[in-house]
Amino acid sequence: MPETDANKEEKKYYEDIPMKSECFFLKGSNSLDWGMKNRLSRIFNSDTGRTVMLAIDHGYFQGPTTGLERIDLNIVPLVKYADAIMLTRGILRTTIPPSFTTPIVMRTSGGPSILKELSNEEIAVDIEDAIRMNVSAMAIQVFIGGEFETRSIHNMTKLVDMGMRYGIPVLAVTAVGKDMVRDAKYFRLACRICAELGAHVVKTYYVPEDFETITASCPVPIVMAGGKKLPVLDALTMAYSAVQQGASGVDMGRNIFQSENPIAMIKAVNNVVHKNMKPQEALELYKTLATKVKR
Ligand code: R5P
């Protein structure tokens, strides 16, 4: 027999306190379902609204990139310092210990290698496998202005439809052709198209002029792509400028894993992103940590 329920008089209903209905902390994400918001909250810190994502997916089109030759030796020790890692399912299954709980942003597009036309990509992962691997988001390349622009956009919209079915957000990466101009006008166009067509987060490059117009005109969070390896102060300055101008964090690869001291670098970037640490101070932090932290 179940225990007899207490009288109404003895229960606590707090009738005078209305239930809270809070806005979700991430830009443009309030109307998403619970699973989507929960996954986004794994990637983005709800206190700062930002993330430090570590991109190590370069091998999907360019093979063993400098710094990523041995992910087991060089990257696995770094993973715990990142808010999320962006990688392929191959590296995830073979090399990342399943006991790790760092959120996964899985690369889901692929096809051409660096020897061919890069915009000729297709969706390269089944949604079931993404679910099986417990990913927090799926990443896909979008080539605005590229030879296979329409195909890459349709890849993204298909992925968004699949993601919506199962509550998995999609990160659209704005990929720029070698001969194309990287300026605010281009990135405003590319980011806005990705968001309009359903991307939940957009990854794009920093431009020194008018970057804030890119973040302002994109209705979903933008994370800054790192790009080629820069001197430490330049990379920290770029990350600082991007978050000050509206980016919701960074998704950096080479500037972290090709650094002289990747652990010191990711910690410095973390301070810039989450604590608004100024670049010069972050450089000093990097130098101090580099003397203490083993590579
Ligand atoms: C874009 O093509 C891929 O996601 C790259 O692997 C990633 O964006 C590169 O990161 P980074 O430019 O910071 O090395």
Side-chain angles (χ1 to χ4, degrees), residues 43 51-69 71 74-75 78-79 81-92 104-125 135-146 148 152 155-156 159 170-178 180 182 187 190-191 194 199 201-207 222-232 234-243 247 249-259 262 265-266 268-270 272-273:
I43 298 170
T51 187
V52 175
M53 199 184 297
L54 176 65
I56 55 160
D57 61 327
H58 308 55
Y60 93 95
F61 70 106
Q62 58 182 35
T65 306
T66 307
L68 298 179
E69 301 89 337
I71 289 179
N74 294 331
I75 302 298
L78 256 187
V79 169
Y81 301 105
D83 294 319
I85 44 170
M86 180 184 184
L87 75 181
T88 59
R89 65 171 159 181
I91 291 299
L92 184 58
I104 302 300
V105 177
M106 188 190 275
R107 155 70 49 193
T108 54
S109 62
S113 74
I114 37 169
L115 307 176
K116 296 275 177 147
E117 168 52 45
L118 288 178
S119 66
N120 190 14
E121 284 195 347
E122 307 232 349
I123 294 177
V125 174
V135 307
S136 296
M138 301 182 288
I140 189 156
Q141 226 68 350
V142 177
F143 295 84
I144 301 300
F148 293 91
S152 74
N155 289 341
M156 187 199 83
L159 198 69
V170 168
L171 166 71
V173 181
T174 59
V176 199
K178 276 202 283 290
M180 286 161 60
R182 292 176 178 226
F187 289 119
C191 293
C194 291
V201 182
V202 177
K203 170 173 170 171
T204 201
Y205 290 94
Y206 182 73
V207 288
I222 281 188
V223 289
M224 184 206 79
K228 67 176 187 335
K229 173 81 175 68
L230 300 169
V232 175
D234 292 0
L236 294 169
T237 303
M238 186 170 73
Y240 180 82
S241 306
V243 294
V250 299
D251 182 11
M252 290 170 94
R254 288 164 287 177
N255 277 292
I256 292 174
F257 64 71
Q258 291 178 352
S259 158
M265 187 62 181
I266 199 167
V269 172
N270 190 293
V272 166
V273 169

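Order of appearance sets the numbers: ligands from 1, and atoms from 1 within every ligand.
- N255 places a side-chain N or O within 3.5 Å of a backbone atom of K228 that can act as its donor or acceptor partner.
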Using a 3.5 Å cut-off on N/O to N/O, what pairs does ligand 1 make with the protein? A line per pair would be great.
unit_1	atom_1	unit_2	atom_2	d
ligand 1	2 (O)	Q141	NE2	2.7
ligand 1	4 (O)	D57	OD1	3.3
ligand 1	4 (O)	D57	OD2	2.9
ligand 1	4 (O)	R107	NH2	3.1
ligand 1	6 (O)	D57	OD1	2.6
ligand 1	6 (O)	H58	ND1	3.4
ligand 1	8 (O)	K203	NZ	2.5
ligand 1	10 (O)	H58	NE2	3.3
ligand 1	12 (O)	G227	N	2.8
ligand 1	12 (O)	R254	NH2	2.8
ligand 1	13 (O)	G226	N	3.3
ligand 1	13 (O)	G227	N	3.2
ligand 1	13 (O)	G253	N	2.7
ligand 1	14 (O)	H58	NE2	2.7
ligand 1	14 (O)	R254	N	2.9
ligand 1	14 (O)	R254	NE	2.8

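- In this structure, the side chain of D251 does not engage the main chain of V52 through any donor-acceptor pair within 3.5 Å.
- Although no hydrogens or angles enter the test, the distance criterion places no donor-acceptor pair under 3.5 Å between the side chain of E121 and the main chain of S119.
- Using bins of under 30°, 30° to 60° and over 60° for the plane-to-plane angle, the ring pair F257/H58 lands in the perpendicular bin.
- Between the side chain of S152 and the backbone N or O of F143 there is at least one donor-acceptor pair closer than 3.5 Å.
- No side-chain donor-acceptor contact under 3.5 Å links T204 to the backbone of V223.
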